[in-house]
Amino acid sequence: MLDTPSRHTFSKFPMLWLAIYFASGIVIGKYFEAGYWVAAILAAAIAMLCALRRSAVRTVIPLIFVPLGAICYQIGAQSVDENRLRRIYDEGRIESGSPVEIEGVMLGLPEPAYGGAFLLLRVEELRANNSRIAVSGKVRLFAPLDREASLGVSDQPDLRYGSRIVVMCRLEREERFRNPGGMSRIEMLDQQGIDATASIKSPLLIENLGDDAVFIPLAWVYEQRQRLIRAFRERFSERTAGVMIASLLGDRHFIDRPTAELFREGGTFHVLVISGLHITFIGGLTLWFVSLFTRRRSWQFLLSASFLWSYTLAVGVEVPVVRASIMFSFLLVGRALYRTGSLVNALGACTLVLLVWRPSDLFSASFQLTFVSVAAIVAGSFPLIEKLRAIGSWAPASETPLPPRAPARLRRFCELLYWNETAWKIENSRHIWSARLYKEPYLKRLAAPNLQSALAYLFEGLVVSSIVQICMLPLLIIYFHRVSPASLLLNLWVGGLLTLESFAAVGAVFVGIFSDFLAMPLIVATELLNSAMMALPASLSGSSIVSVRLPVYPGFDKSIYFIYAIVITALVVRIFKWDPFDRAASARQRWVTTSLGVATFAIALIIVFHPYSEPRPDGRLQIDFLDVGQGDSALVTFPDGQTMLVDGGGRVNYDDDAGAFEPDLPRIGESVVSEFLWERGYSQIDYMIATHSDADHIQGLVDVAENFDVGHVLVGRMSGDDPEFTRFAAVIERCDIPLRLVERGDDIEIGGSRVQVVHPSKVVSFAKGSENNSSVVVRISFGNREFLLTGDIEREAEADILLDADVEIRADVVKVAHHGSRTSSTEGFVVKTGAEVAVISVGRRSRFGHPHGEIVERWKALNAHLMTTGEKGTITISTDGRDLQIGTFIP
Amino acid sequence: MKLLPLNLPKLLLALSWLCIVLLSTACSSKRTISRPSDPPSQSSTVLININTATSADLQQLPQVGPALAAKIIEHRQRHGAFRKREHLLVVDGISNRRYREIEPFVTLE
């Protein structure tokens, strides 16, 4: 029964309210310059409302906490030390990517990853251009510290927690790809507390100056974690080891891409990240274990908390883990003090503490996801389950003498799950009074006695899973562009099997210290459980039950996500307050709840089916040249709204890692091109052109083909043995997209514009020249304006095009061939295009030196306005047939 | 009278288990990694000083052409002299493999 709060308490969940007020203050602090004033006004407004209810406490609290939030945020945002690395790079005192020598202390052991290790360094001194400055901040370096030294030289420096090292590297603090709607890399680094990163070519660039003193227990904890990682890698198969190391020890670098994708598709990737779930589980396990030895709650608290925090420190003090540990500690403290903690209150307290510590976390994806999922569980699922249990297992008692008011079907379903006839009979026989209860569970007698509790667990799991998914819907779409209907079930399946597998794996490692023979059955069990766990997601992979990729509503339409958040919060609050035993509940309340439910469903449908999310056609032809680094990708939007994607960028791997292991690194097609398209509101692309099969053009198209509904694919001549093309063709076939070969002379009319294929021609083949010479070249005309997209053609192809008298290549806007390389852009070709604008799609620092100086000069000699995507980010050019409007992401 | 709030037999069992685990982890040997050693000096050939060499001198090094030599000199001019031979690796175009080929022939003096 819910007892009403006395007049003297502020609320039943005071910490939650404090957290809400504080968070509002932070939001105000971020978006309003004179944050304090707005915060003060808002606080005064809330206070006035509270004063109307005549409560002094309720008046004062928002008055204090809202401005406090704004102040904390602004202090946090401004107080960056002058010699902090991030400030040095942000102010441009040192250029990102220039070589510097840094001296610092390692904040942990090298974190093993595929092909090397990550080093986290607290920097103390920086030397550049013959000067030394004292600095502060943290950097993350990747060094190829391969124990299996491939070059056979034992020059690995002995690095450990506390080692003082000097490293010569090119520190970077910059955005990799600058397109509208992309995730800011700098923001992500800031959230992790990292000022800059670098990738070191060789361990020879690291000098070990000795070890600083460290906190020995912590060093020991780190050491044990490393041992466990090594032990897992030795004993288990690559895939199993990867999964175990990620979920138990927080190192995700040993999971290969296909496995990670299976988890992502099923919406179960969170099990691979040490999260609240893990901490709750480990904390609970520790508590149970410790309670076997002592009944004193203070001892239980001390032992469990110290183990939990050692674990938190061992796996890297990452913010989500710390959040979960703080929350668990709150609950433990409550338990130690013999207070029944309200979970909602604990959540509020924990949120408040975290926001005071790092106010800017409120805007981080990780915080939002954690908070919403925990709130959904604690304020939505658990109370709902409790009430359903109360309905099903009701028997007359002093607090609840009368039966609950609930719809008959609901009541019968709850009785199916929770009504225990035998227990009631026993209890009834003990009473001095007797009662006859009319219960109608759906199945009067279940086959096995434990089936009912198993069914109840399953149902509760589904309830938790669904409520979390429903509450997280907008966040999942905004951050991951993915909705997984099957995740309701998959979470239970994967979660359950992963738990068993973790026990088996840890057991195998410990037993294996003494005897390999005894460990064998445990190892086998682990492998079997892993295969079973992956089997279900693997069998469902690719179907839309598992994973649907969705765009977001652009611009002002984003407000629908806020509306959804408000409606779902109202619904959760209503469910929380629902008391099935309250006979005075009015019809009006029921009506409110029902309409909230219907509204939630309707808005969810809108969000998922995203009608009208695509930008409305404006009668203009627009081309967006995306910044994909080294590579090409351009989105053509036709006057009637149809779209054509010419190439999708991609990462070219020059390292000869012909091993079977594909590390789980972000792909350009997914994180840059698809992201751009989703942010625009597209879920389908009408045409896709793959100019040729170089990875930096075609790899991204593979991801786009999988994530979007593609109408047609146009290709030129490509070699059948090219591995990139084979992969591409396989995906096209799997997604059932019509493939069409184009050649010179083909003319397509799309939305009022004309798309002419200029190259390749039917006749000539370039057996001697490179494959680039078979690139598809298209000329798009609309009104008086023409655009020429040249792929990677080289001088042979350019000569061939010039020789053909029937081919017209005059254009206002030209995408310079082959990233401005001197293999292309011959004088004759350049002059014949007569371009006004020349766009070069190239990375900021091309390892090939693109664009080559003489090519730049050649285009400039034409008086063309030359721009590169590396400098300007996304370059957008549009025309109504007469004018030419140019916009760039970087002004 | 119970002096300790703990269940003694179970505690002893747990402690002994813990000791065994700790001893076994402590007993396994730690891998030692050898420190980098200086390569034997080539007394027969003249070593090239990367801080004072001209482009022509640098091109005498194996696998170094005019473009790479220019990059090394440009690096020197922009960022100052090389403090260690290994810092050559920072220059664009000098990979691990190439550095190992150059290494026996370069010096700082």
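The figures here come from the full heavy-atom set of this structure, side chains too, leaving out hydrogens, waters and symmetry mates.
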Heavy-atom side-chain contact between L204(A) and R100(B) under 4.5 Å: yes
Partner chain B: residue of L292(A), L205(A), I200(A), V100(A) with the largest heavy-atom pair count (under 4.5 Å): L205(A)
Part of R845(A) lying under 4.5 Å from any heavy atom of chain B: neither
Side chain N96(B), main chain K201(A), donor-acceptor under 3.5 Å: yes
E95(A) atom CD, over 12 foreign heavy atoms within 6.0 Å: no
Proximal component of V167(A), with respect to chain B [non-hydrogen, under 4.5 Å]: neither
Residue I216(A) excluded, over 12 heavy atoms near CD1 under 6.0 Å: no
Pairwise distance CG(L13(B)) to CZ(F293(A)) - rounded to 0.5 angstrom: 7.0 Å
Other residues, nucleotides, ligands: >12 heavy atoms within 6.0 Å of F510(A) CZ: no
R170(A) CZ to H79(B) NE2 distance, which is reported to the nearest 0.5 Å: 6.0 Å
Presence of salt bridge, R83(B) and E207(A), under 4.0 angstrom: yes
Distance-minimising heavy-atom pair for V90(B) and M168(A): CG2-CG, 3.1 Å
Donor-acceptor under 3.5 Å (K10(B) side chain, T294(A) main chain): no
Validation row: E86(B), S202(A) side chains within 4.5 angstrom (heavy atoms): no
